[in-house]
Structure formats: structure tokens, C-alpha cells
Amino acid sequence: MSKTFTRDEVSRHNKADDLWIIIDSVVFDLTRFLPAHPGGEHVLIEIAGKDATEEFYALHRHSILQKFSKFAIGNIAGEAPKIAQQENGAVSKVPYAESSFWMGSKTPYYNESHIAFRKAVRAFVDAELRPHAQEYEDNGGKVALELYQKMGRFGLLASRIGPGAHLKFVPSLPAGIKPENFDYFHELIAHEEIARLGSPGFADGLGAGFVIGLPPIMAFGSKEMIQKVVPSILLGDKRVSLAITEPYAGSDVANIRCTAKRTPDGKFFIVNGVKKWITNGHFSDYFVTAVRTGGPGHSGISMLLIERSDGLETKQMKTAYSSAAGTAYVTYDNVKVPVENLIGKEGGGFPVIMFNFNHERWLIIAAVNRGSRLVTEEAFKWAVQRKVFGKPLIEQPVIRFKLAKMIAEVESVQNWLENVTYNMTKMSYKEQSLHLAGPIALLKYQSTRVAHDVSDDAVQILGGRAITKTGLGSVVEGFQRTYKYGSILGGSEEIMADLGVRQALKSFPKDARL
Ligand code: HEM
């Protein structure tokens, strides 16, 4: 594309059978594209031979130019593009589009290894995952095995379940971080970078199952079980999901009905029951399943590792987001499971279920708030570029007020999240359970309330585009359709708020008075 043209030359190609336009100093020959243009022929013929930069950006995302770059035939002599190219792996320059440290602020939390890690992960996500994101988000389908394997070999799957011995199961971690130097800030970055894709169903398809399904195995599984299952998941060869919720029981886990009864020889469990809303379940090889092996209540619950086998069936559920997440209804019909597959002790399932709750909630906060930040960036960009009533939208005080609220809310959650994450790096598991369960619950509550507000404001700023699946508002549309997941999964907003205050009451001084 090294050819150059004058504006005068371009202006002579101004008919349907010979149609050139200029976008940001690049010359496009759209003659062959004309009949296929989704916006119709008329609009292009009207602007044939002219500079269409403003019209183009008022109607399309920048990525469309990259997708249709084959129609670019040269540049205008002596001119250079003025609109920033969206390079793979680049950091956004839009204010508040990245958390403060990444935009130049000082930080007590991040060091060189986090910077290198973020750079490597972002480049990987932009190059390997982003090109597939929209397709999976729109059309669903099982995410290709090669994508999991690429993520696995790159160390990105292992990076999503915290520091620990499991990091040695993969050849290396992004940016060559040593397992012993890996901390919760690296993990935070990994979750944020996946959420930054802005494709919630696809993002969950890439691993919402193992981030909650694997920790119980790693903490309570036998050596043999860990050796058999964990490396295959972390390398991307197999998939696992956590199967707890049922049509009968959600946040009230103690009410689960799925049963596991020992065979007369005591060597197997026979499992019967159903599980619902199991993320990744539709394509999982393993199901970490909560079953009732005893009487009612907590003490009758056990956890079993169940392989996809005779009697276990999964049905894709139609949810608000892409079927790429593989959300499933799972039925167990006399499924035979060796007793060696118990995760923890028989009747000791409840502590296994509880074990990873704080971590699960923390990573949901990270993903939800990165989504809120992304949507804020989209709204900010749109408010600046959209002209309405003769001036940019951003010149309306009411729009600036909305953006102020969005930014302030997102930054508040981020700062609390980084504070909690720092505490996670300094506390033992036991200390985290004691001191962080309350703050994490309250922060999860806050992050999903913020997502609610941000989504609402972003939709108002983008207008009709935000209720249209494709085009300029596609990211905001996806967010407003799916942000509610975070306010239900891992403990509902109401339960989080209540838990946070109940935890606080435990240390409430008995002698405190007004
Ligand atoms: C390289 C040049 C262009 C390409 C590759 C292109 C491609 C596309 C594509 C893929 C869409 C549908 C995607 C979406 O929903 O966002 C679209 C929609 C549209 N395009 Fe273009 N286009 C180009 C230039 C233009 C220009 C110069 C105009 C107007 C002067 C225009 C007017 C429209 C309109 C009105 C729509 C429908 C937008 C809507 O539904 O809100 N296009 N174009």
C-alpha cells in the first residue's frame, strides 16, 4: 500500500462503478465492496471521491478498517493518519481507561515483574484471543481446543488460580515470571486482561469452570487425583467445572439434593440428581460435584470428582450471554464413581465448597470492575467523538456528570480491590478467611452495584447503539446484557451485603456506644 494520491485524483473516482473515498488520509477503493456494504450503496455513492473520515467514525468502530484493510489502496501524498491506531498489546491513553498505575501514577503494589507480566498477557490476549472473541460471542460454540492449549502452554490458565505449587505444572509463566515470585497481583492482572476482551460469554468459556473447579482438587484431592487432573487442565488439554447449584439450591448450598449412595461392596458411589447453571459444564471432562452422602444440612454433603461417563449428560442452557460459556444443565443418572474420587472426607464437603469462596468472589470483582472500566472508556470515547445538536456530546454538562459518576465509582472499587489484593499477598489462608471474608463480600456487592450504575449510564450515553448487538455500541450492549451475572454468581448481592455486615459484627466492640 505504498502508493500515494492527491485529493484531486481521488475526487475523480466518484461513481458507483469507480468509487474511492478517503478515511484518515488512507485511500479506499470501495467499488467491489459497494454491493456488500451493510449500510447500503446510497450512502457510499453520496460520498464517493470525498473525505469520509467524520462520517465513517460516526457510524463504525475503528476495527472495521482493520478487517477491511484489503480495500485500502494508498495514502494521500504528504498526509499522515491523525487517528490513533489500535495496536495489539497497547495501553489506552484515554483517561481512566486503565487503572491509575498503568496510566502513570505511583503505586505501592506493582513492581517490574507485574509490568512485564501485564505486557506479555495483553499482547497474548490481543493477538491470540481477540481475533476470535466476537465470533464466539455472537455465534457461541465450543471454544477450540487449540485456544485452550495455547493459553495453557503460555501459562495463562495456571496464572488464574493464584500462587502455589500448581504453577510448576506448566512449562513457564507469562514474561517468564518464576513461580516463587508469582503473587495475587499477577493473578489480578490475568483476570483483568481476559475481562478487557469485552466478550463476557467467550471470556467465561475460556476458563470460568476451572478457576473455581480446580482449587478444591488442589487443596483437598489425593496426590494421585492432583497428578491425574491438574496438569491436564492447566495445559489446556482437559476441562473441569464446579457443579454445586441445582434447580433447588443456589446460595443456600446446604439444601442440595443430588445423592451419592455407596454400593454394597463400599467401593463406589452411585450418583443421582441434577445440577443447573454449570459454567463450562457443556464441554467439561470433569465435574467437581457436591453430593448428599448423609442426612440433611451441611454435614451430609460430600464432594466428588466425577468424570464424564455413562449416565452423566449435559444440556446447553440458553442464558443471556453466549453459549461459548457452555452453561449447562447436568443430569446424573446412576453414575458410578470410585470412592477414591472423594475430594476431602465423606461428609466433609461443606468446608471444601467454602474453601475457595473468597478467592472466587475476589476474581469476580476483578472481572466485573474491568468490564465497568471498559464500558466507561467506550462511553468517554463516544461522548467526545459524537456530535449532536451541533457540538460534541461531551459539551453537555449532564453527560460529563454521568462520566464523573462512572469514573469515580470504578476507581473506588479498583482502589479497594488493590488494597484487598495486597492483604491477600501478606496473609495466610487462615488469616484471609478471618479478616478478608467480610471486605471481599462487601466489595463484591459494591462492584456489582457499580456495574449496574455504569451500565445504565453507558447505555444512556451510547443511546440506540447500546441496545444493538453489532456496531459502535456492541461492547456496551454486551455488558448491559451480562453484568448481572456477577451480582448472582459466587453469592448474590444481597447475601454479600449481609455477610459483610455479619462479619463486621463479629469484631464489633461490646462496649461501643454513641
Ligand atoms: C472502508 C469503508 C467502509 C467499510 C469497510 C464499511 C463497512 C461497514 C460495515 C461492516 C457495516 C456494518 C457493521 C456495523 O454494524 O458496524 C457498516 C455499516 C454502515 N455503514 Fe459503512 N463502511 C465503510 C464506509 C462507510 C461510509 C463512508 C459511510 C457513510 C458515509 C458508511 C455508512 C454506513 C452506515 C449508514 C451503516 C449502518 C450503520 C448502522 O447500522 O448504524 N460506511 N459499514
Side-chain angles (χ1 to χ4, degrees), residues 1-5 7 9-76 79-86 130-140 197-199 201-202 322 374-375 377-379 381-390 392-393 458-481:
M1 211 193 59
S2 52
K3 272 192 160 180
T4 53
F5 305 95
R7 286 182 173 263
E9 261 177 289
V10 174
S11 71
R12 290 196 282 275
H13 302 269
N14 58 6
K15 293 180 252 8
D17 58 358
D18 178 19
L19 196 159
W20 293 10
I21 59 165
I22 305 162
I23 301 175
D24 194 23
S25 82
V26 178
V27 181
F28 289 85
D29 180 351
L30 298 182
T31 318
R32 280 187 299 127
F33 178 59
L34 188 63
H37 179 230
E41 298 190 22
H42 176 74
V43 285
L44 291 183
I45 294 169
E46 243 180 13
I47 206 153
K50 300 189 187 131
D51 191 314
T53 309
E54 198 162 318
E55 286 80 356
F56 180 85
Y57 282 102
L59 296 160
H60 314 75
R61 295 185 76 86
H62 183 81
S63 56
I64 288 193
L65 285 187
Q66 289 154 341
K67 192 167 162 198
F68 292 90
S69 59
K70 64 178 178 197
F71 296 117
I73 54 168
N75 295 79
I76 297 295
E79 293 185 18
K82 292 196 180 82
I83 291 164
Q85 300 304 301
Q86 291 165 9
R130 192 174 296 285
H132 310 284
Q134 201 55 48
E135 174 73 18
Y136 277 113
E137 197 63 22
D138 292 345
N139 305 326
L197 280 168
S199 310
F202 174 56
S322 167
L374 181 66
V375 161
E377 179 185 8
E378 295 274 311
K381 280 181 178 164
W382 182 244
V384 172
Q385 81 188 55
R386 162 81 164 142
K387 292 217 175 74
V388 64
F389 304 123
L393 198 51
V459 170
Q460 293 309 116
I461 292 174
L462 271 286
R465 290 150 209 89
I467 49 168
T468 308
K469 279 200 171 191
T470 57
L472 282 163
S474 57
V475 173
V476 176
E477 190 279 334
F479 190 71
Q480 61 87 17
R481 192 164 23 86

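Hydrogens, waters and symmetry mates play no part in the numbers below; they use all other heavy atoms, side chains included. All ligand and atom numbering here is 1-based and tracks the order in the structure.
Within the 4.0 angstrom cut-off, atom 39 (C) of ligand 1 has no protein heavy-atom neighbours. Counting only heavy atoms, the protein gets under 4.0 Å from atom 16 (O) of ligand 1. For atom 22 (N) of ligand 1, the nearest protein heavy atom lies closer than 4.0 Å.
Per-residue contacts place Phe68 under 4.0 angstrom from the following atoms of ligand 1 (heavy atoms of the residue considered): 5 (C), 10 (C). Shown in contact with Ala52 at under 4.0 Å from a heavy atom are these atoms of ligand 1, numbered in order with element: 27 (C). Listed by number with element, the atoms of ligand 1 under 4.0 Å from a non-hydrogen atom of Phe56 are 3 (C), 23 (C), 24 (C). Below 4.0 Å from some heavy atom of Val43 lie the following atoms of ligand 1, by number and element: 30 (C), 32 (C). Ligand 1 places these atoms under 4.0 Å from at least one heavy atom of Gly471: 14 (C), 15 (O), 16 (O). Each of the following atoms of ligand 1 lies closer than 4.0 Å to a heavy atom of Leu44: 24 (C), 25 (C), 26 (C), 27 (C), 28 (C), 42 (N).
Checking side-chain atoms of Asp24 against main-chain N and O of Ile83 turns up a donor-acceptor pair under 3.5 Å. Side-chain N or O atoms of Thr31 include one that pairs as donor or acceptor with a backbone N or O of Leu19 at under 3.5 Å. No donor-acceptor pair closer than 3.5 Å links the side chain of Ser322 to the backbone N or O of Phe202. Put simply, the side chain of Gln385 never gets that close to the backbone of Ala58: no donor and acceptor are under 3.5 Å apart.
By the criterion of a heavy-atom distance under 4.0 Å, neither the backbone nor the side chain of Lys67 is placed next to ligand 1. Under 4.0 Å from ligand 1, not a single heavy atom of Phe71 appears. Of the heavy atoms in Leu472, none comes closer than 4.0 Å to ligand 1. Neither the backbone nor the side chain of Thr468 has a heavy atom within less than 4.0 Å of ligand 1.
Scanning all protein heavy atoms for the shortest distance to atom 4 (C) of ligand 1 gives Phe33 CE2, 3.6 Å. Annotation: atom 32 (C) of ligand 1 to nearest protein heavy atom, His37 CE1, 3.4 Å. Looking only at heavy atoms of the protein, atom 11 (C) of ligand 1 is closest to Pro38 CG, 3.4 Å. The nearest heavy-atom contact from the protein to atom 34 (C) of ligand 1 is Gly39 CA, 3.7 Å. The closest protein non-hydrogen atom to atom 41 (O) of ligand 1 is Leu59 CD2, 4.7 Å.
Here the closest non-hydrogen pair linking Leu197 and Ala133 is CD2-CB, 4.3 Å. For the pair Ala16 and Leu34, the tightest heavy-atom approach, listed with the atom from each and the gap, is O-CD2, 3.6 Å.
The pair Asp138-Lys469 does not count as a salt bridge, with every side-chain nitrogen at least 4.0 angstrom from each carboxylate oxygen.
For atom 21 (Fe) of ligand 1, the nearest N, O or S atom contributed by His60 is named NE2.
For the pair Glu378 and Arg61, the minimum side-chain heavy-atom distance is below 4.5 Å. Residues Leu65 and Tyr57 have side chains in contact (heavy-atom distance under 4.5 Å, counting atoms from C-beta outward).
Closest heavy-atom approach to atom 13 (C) of ligand 1 among the candidates Ile23, Ile64, Thr470: Ile64. For atom 30 (C) of ligand 1, the choice among Lys70, Arg61, Glu55 with the nearest heavy atom turns out to be Glu55.
The number of heavy atoms from other shown groups lying within 6.0 Å of NZ (Lys15) is above 12. The environment of Glu79 atom CD is dense: over 12 non-hydrogen atoms of other residues, nucleotides or ligands sit within 6.0 angstrom.
Aromatic ring pairs are classed by plane angle as parallel below 30°, tilted from 30° to 60° and perpendicular above 60°; the pair Phe33 and Phe68 is tilted.
With 3.5 Å as the limit, one finds a donor-acceptor pair spanning the side chains of His42 and Glu46.
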